[in-house]
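Worth saying up front: this structure is predicted, and the values here are computed from it rather than measured. Hydrogens, waters and symmetry mates play no part in the numbers below; they use all other heavy atoms, side chains included.
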Amino acid sequence: MTATQPPLRRRLGPEERRDGILAAARSAFATASYAEVSVPAIARQAGGSPAIVFHYFGSKEGLYAAVVEADLAHLADRQRAADQALPAGTTARDRVRTWVLARLDHVAAHARGSLAREEPTAAAGVRDRARTDDLALLTDLLQANDSARDRFALLGFLGFLDAAGAAWASAGCPEDERHPMVEASLGALEGALGDWRR
């Protein structure tokens with residue numbers, strides 16, 4: 001009887017290795033806070049070593065920021081696709097509603113991670129850049145002007161969504177509260193802007 005040979009491990013290329021680490025980190029941070037997650041645990045899950053993680057991401061903070069950046073890019077892609085799927089001539093209000101619903105889907109999918117508040121500085125920078133992109137998108141969608149009122153209205157709307165989304169996530173993302181939250185957010189934006197501009 002001959003001994004069974006263990007299967008040969010295929011050597012991963014740099015992109016595959018980086019993607020594997022990112023996937024393991026995304027999974028870990030989705031179920032635990034930043035402080036609770038360790039680089040060695042992520043490395044084990046990805047089939048590598050902490051040194052490999054640091055090689056690709058520099059630090060735990062850099063890895064977490066990369067996870068946040070990838071998730072926010074995925075959210076932006078989903079929001080863009082949802083908007084592009086709307087029929088021509090869809091009102092600005094309904095386009096914003098679609099954008100908000102995609103955002104709530106994202107919150108529900110990341111409910112545990114959404115509750116983490118002790119994020120490192122690098123992740124806060126990623127979120128700030130995403131907020132700037134959201135502000136530009138909404139400004140364009142609503143054809144808002146450069147007035148202080150419009151700028152504050154849109155910033156307030158984004159802050160409202162952050163706070164309401166965190167409260168909804170804390171409550172376990174109850175489906176019966178989704179519609180009231182969407183309507184409240186749309187009402188807050190309309191009240192701040194004065195109208196829908198389009």
What are the two closest heavy atoms between [X] and [Y], and how far apart are they?
X    : Y    : answer
Q79  : A102 : CG-CB, 3.6 Å
P40  : P50  : CA-CG, 3.9 Å
A153 : L189 : O-CD1, 4.0 Å
A65  : A122 : CB-CB, 3.8 Å
A28  : V37  : O-CG2, 3.7 Å
R18  : A66  : NH2-CB, 4.3 Å

Inset, instruction - Find out if a path of hydrophobic residues (ILVMFWY) with successive side-chain heavy-atom gaps under 4.5 Å connects F160 to L142. - result: no

Legend entry - Test applied, salt bridge (charged side-chain N to carboxylate O under 4.0 Å, His left out); reference residue, D134; option that passes from R103, R127, R129: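 The residue from R103, R127, R129 that satisfies salt bridge (charged side-chain N to carboxylate O under 4.0 Å, His left out) with D134 turns out to be R103.
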
Inset, instruction - Count the heavy atoms belonging to other residues, nucleotides or ligands that lie under 6.0 Å from CD of E177, then report whether that count exceeds 12. - result: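 Counting neighbours around CD of E177, more than 12 heavy atoms of other residues, nucleotides or ligands fall under 6.0 Å, so yes.
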
State which residues pass side chain to side chain contact (heavy atoms under 4.5 Å, CB included) with [X]; sequence neighbours excluded, sorted by chain then number.
X    : value
D77  : R80
S59  : E61
P180 : none
A81  : none

Legend entry - Working for side chain to side chain contact (heavy atoms under 4.5 Å, CB included), residues T98 and T90: CA-CA 10 Å; T98 298; T90 298; 5.9 Å; no

Inset, instruction - Starting from the C-alpha separation in whole Å, work towards a yes-or-no answer on side chain to side chain contact (heavy atoms under 4.5 Å, CB included) for F157 and V96. - result: CA-CA 11 Å; F157 171 67; V96 174; 3.8 Å; yes

When rounded to the nearest 0.5 angstrom, what distance separates [atom1] in [X] from [atom2] in [Y]?
X    : Y    : atom1 : atom2 : result
R151 : N145 : CZ    : CG    : 10.5 Å
L75  : H106 : CG    : NE2   : 5.0 Å
S33  : E119 : OG    : CD    : 11.0 Å
W99  : L141 : CH2   : CG    : 9.5 Å

Just to verify, what does [X] make a salt bridge (charged side-chain N to carboxylate O under 4.0 Å, His left out) with, not counting sequence neighbours?
X    : result
R26  : D71
E175 : R178
R44  : none

Inset, instruction - Output, in order, the C-alpha distance, side-chain angles, deciding distance and verdict of side chain to side chain contact (heavy atoms under 4.5 Å, CB included) for I21 and Q45. - result: CA-CA 8 Å; I21 294 168; Q45 181 66 30; over 6 Å; no

Quick check: do [X] and [Y] have side-chain heavy atoms less than 4.5 Å from each other?
X    : Y    : answer
F57  : L22  : yes
L138 : L158 : yes
L137 : D133 : no

Legend entry - side chain to side chain contact (heavy atoms under 4.5 Å, CB included) assessment of T139 paired with D150: CA-CA 8 Å; T139 298; D150 281 9; over 6 Å; no

Legend entry - Distance under 6.0 Å and angle within 45° of ring axis: K60 vs Y34: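 Yes; both conditions hold, so K60 lies above the ring face of Y34.
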
Inset, instruction - Any pair with a residue in residues 181-192 that passes side chain to side chain donor-acceptor pair (under 3.5 Å), sequence neighbours left out, goes on the list, sorted by first then second residue, please. - result: R93-E183, R97-E183, E190-W196

